[in-house]
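Okay, structure first, notes after.
For the single chain, residues carry numbers from 1 onward in sequence order. Heavy atoms only: backbone and side chains are in, while hydrogens, waters and symmetry mates are out.
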Amino acid sequence: DNQDIILEDTSGGYTENGNNIVCAYDGERYHEDEMNYSDVDNCWYHEENSIYIDDRDTYVNIDEATYNRYTGNYHYSNDLE
């Protein structure tokens with residue numbers, strides 16, 4: 001289960017954090033509908049911090065994507081080395 005809880009007091013009271021997931025790219029919490037799972041990195045990225053890679057059929061963080069102007073596709077940078 002990838003859901004966090006919020007500790008409300010030292011007596012152990014807590015609240016489940018709803019449908020929010022922590023983005024591995026920036027550490028911020030976003031609603032699950034705005035998140036993309038990366039099979040490459042085994043973590044969640046916010047939709048603004050991730051790019052879909054057709055060749056891998058998954059998302060990667062924006063820093064790991066290289067755009068090919070000729071084909072118009074993004075590629076996983078580590079596949080190009």
Exercise. Can you list the steps and then say if D63 with Y25 is a side chain to side chain contact (heavy atoms under 4.5 Å, CB included)?
Worked result: CA-CA 9 Å; D63 293 337; Y25 185 80; 3.1 Å; yes
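S38 places no side-chain N or O within 3.5 Å of a backbone atom of C43 that could act as its donor or acceptor partner.
To the nearest 0.5 Å, atom CG of residue D26 and atom OH of residue Y45 are 10.5 Å apart. Interatomic distance, CG of N49 versus CD of E28, reported as 9.5 Å (0.5 Å rounding). The distance from atom OH of Y52 to atom CG of D57, rounded to the nearest 0.5 Å, is 3.5 Å. The structure places CD1 of I21 at 12.5 Å from OH of Y30, a figure rounded to the nearest 0.5 Å.
Here the closest heavy-atom approach between residue H46 and residue C23 is recorded as N-SG, 3.3 Å. What you find for N36 and E47 is that their closest heavy atoms are ND2-CA, 3.5 Å. Nearest heavy atoms, A65 versus V60: CB-CG2, 4.2 Å. Closest of all the heavy-atom pairs between Y37 and N42 is OH-CA, 3.2 Å. Among all heavy-atom pairs drawn from D41 and E64, the shortest one is OD2-OE1, 3.0 Å.
Side-chain contact annotation: Y59 with D39, donor-acceptor N/O pair under 3.5 Å absent.
Put simply, V40 and I62 are part of the same group of oily side chains (I, L, V, M, F, W, Y) that touch within less than 4.5 Å, one to the next.
With contacts defined as side-chain heavy-atom distances shorter than 4.5 Å, the pair N20/H31 qualifies. Proximity of I53 to I51: side-chain heavy atoms (C-beta onward) are separated by under 4.5 Å at one or more points.
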